[in-house]
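All remarks here apply to the structure that follows.
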Number of protein chains: 2
Amino acid sequence: MLSVAIERSAEDLDLLFGALADSTRRAIVERLGAGEATVTELAAPFPISLPAISRHLKVLEHAKLITRSQHGRWRGARLSPTSLAPAATWLAQQEQLWTERLDRLDDHLAQRTAAEPKRGRP
Amino acid sequence: MLSVAIERSAEDLDLLFGALADSTRRAIVERLGAGEATVTELAAPFPISLPAISRHLKVLEHAKLITRSQHGRWRGARLSPTSLAPAATWLAQQEQLWTERLDRLDDHLAQRTAAEPKRGRP
DNA sequence: GCAACACTTAACATGATGGTTAACTGTAGC
DNA sequence: GCTACAGTTAACCATCATGTTAAGTGTTGC
């Protein structure tokens, strides 16, 4: 359907991994796993100022990891469900690629040593 | 055995995700999926200088994503097989946590609407 | 030994990141 | 309307990241 459906751009991954490369932001994501929360709730566990939290949220939002809402004077943050997928997919692909390669290498070595058992290593 | 075996510290993840938050470094990792390579080989596809590549490799090494070797005057880089696991695990945990939560939410809502079908929303 | 090669290290410029405090915006509630 | 509350924006600062070029290190090969 969409011609650019698989277009997982390098920039998206930059933003995603970049957003996750900070323990405060990861903790916020973990916290949001328990459900929507307000900024003050999210800020509570951390020893940093509200503006700092506010910017972390902006980074997460920019990476499309969270969406924001407004209830009265409270502003909520919640996870966008499939947003981690691109990162997880990239990692899975890499792991698959190199385990495949290691398997092939094992096969190759097994074959080699089976075919030429007397070959010595200098 | 090791008392700190499961101690996947926040710093490790900082380094891991940080290392992956750059498209050049991700490309290098992808490239290394095909096997060990020298610095010049790794540098070839990129329009940046060798020192820049050298430092990217140092970042990857520091994040324990690659190991380095020396063959004569060539210096090789190769992937360390399980190094992506902490990142993949963290992502998997998050995805599991929040899909669980969404499931519980669904159940809850289904139960609620089943039990109190006439309840209106103000 | 010495020149060429394959890098790495050093020194530097520049822009991004993560934190601060102070001031601003917008909603709630009397 | 005014005050308090929840949060964002602005201005600033220190540090880190990423690139550059120039110089240094160590190995090869004649």
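Each chain gets a letter, A, B and so on, in the order its sequence line appears, and its residues count up from 1.
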In this structure, how many angstroms lie between the C1' atom of D:dT18 and the CD1 atom of B:Ile28, rounded?
13 Å
Could you grab the distance from atom CG of A:Leu20 to atom CG of A:Leu60, nearest 0.5 Å is fine?
8.0 Å
Given D:dC5, D:dT27, C:dT8, the nucleotide with the shortest approach to the side chain of A:Arg73:
D:dC5
Heavy atoms of other groups near B:Arg78 CZ, more than 12 under 6.0 Å
no
Are side-chain heavy atoms of B:Glu30 and A:Gln93 found at a separation under 4.5 Å?
no
In Å, rounded to the nearest 0.5 Å, how long is the span from CG of B:Leu65 to CZ of B:Arg25?
9.5 Å
Considering heavy-atom distances to DNA chain C, does A:His71 or A:Ala52 have its closest nucleotide positioned more toward the 5' end?
A:Ala52
B:Asp22 vs B:Val59 side-chain heavy atoms within contact, under 4.5 Å:
no
Measuring from atom OG of B:Ser83 to atom CD1 of B:Ile66, what distance do you get when rounded to the nearest 0.5 angstrom?
9.5 Å
Between atom CG in A:Leu50 and atom C1' in D:dT9, what is the gap in whole Å?
13 Å
Provide, to the nearest angstrom, the distance between the CD atom belonging to B:Gln70 and the P atom belonging to C:dA6.
13 Å
With respect to the phosphate group of C:dT8, does any side-chain polar atom (N or O) of B:Arg68 fall under 4.0 Å of OP1 or OP2?
yes
The reported gap from CD1 in B:Ile53 to CD in B:Glu41 (rounded to nearest 0.5 angstrom) is 12.5 Å
Any side-chain N or O of A:Ser49 below 4.0 angstrom from OP1/OP2 of C:dT20?
yes
Minimal non-hydrogen separation, A:Ala21 against A:Arg26, with atom names:
C-NH1, 3.9 Å
Can you measure A:Glu41 atom CD to D:dC5 atom C1' for me and round it to whole angstrom units?
15 Å
If you take any heavy atom closer than 4.0 Å to DNA chain D, which residues from residues 54-67 of chain A end up in contact?
A:Ser54, A:Lys58
Rounding to an integer number of Å, can you tell me how far A:Phe46 CZ sits from C:dG18 P?
14 Å
Roughly how many Å is it from CZ in A:Arg75 to C1' in C:dA28, rounded to a whole number?
14 Å
Quick one: A:Ile53 CD1 to C:dG19 C1', roughly how many Å, whole number?
11 Å
When you measure from every atom of DNA chain D, which of residues 15-25 of chain A have a heavy atom less than 4.0 Å away?
none
Of all heavy-atom pairs linking B:Ala77 and B:Arg68, the shortest is CB-NE, 4.4 Å
Proximity to the side chain of B:Pro51 - top-ranked nucleotide from C:dA28, C:dA22, C:dT9
C:dT9
Go through D:dT8, D:dG19, D:dA4 for me and flag the one nearest to the B:Ile48 side chain.
D:dG19
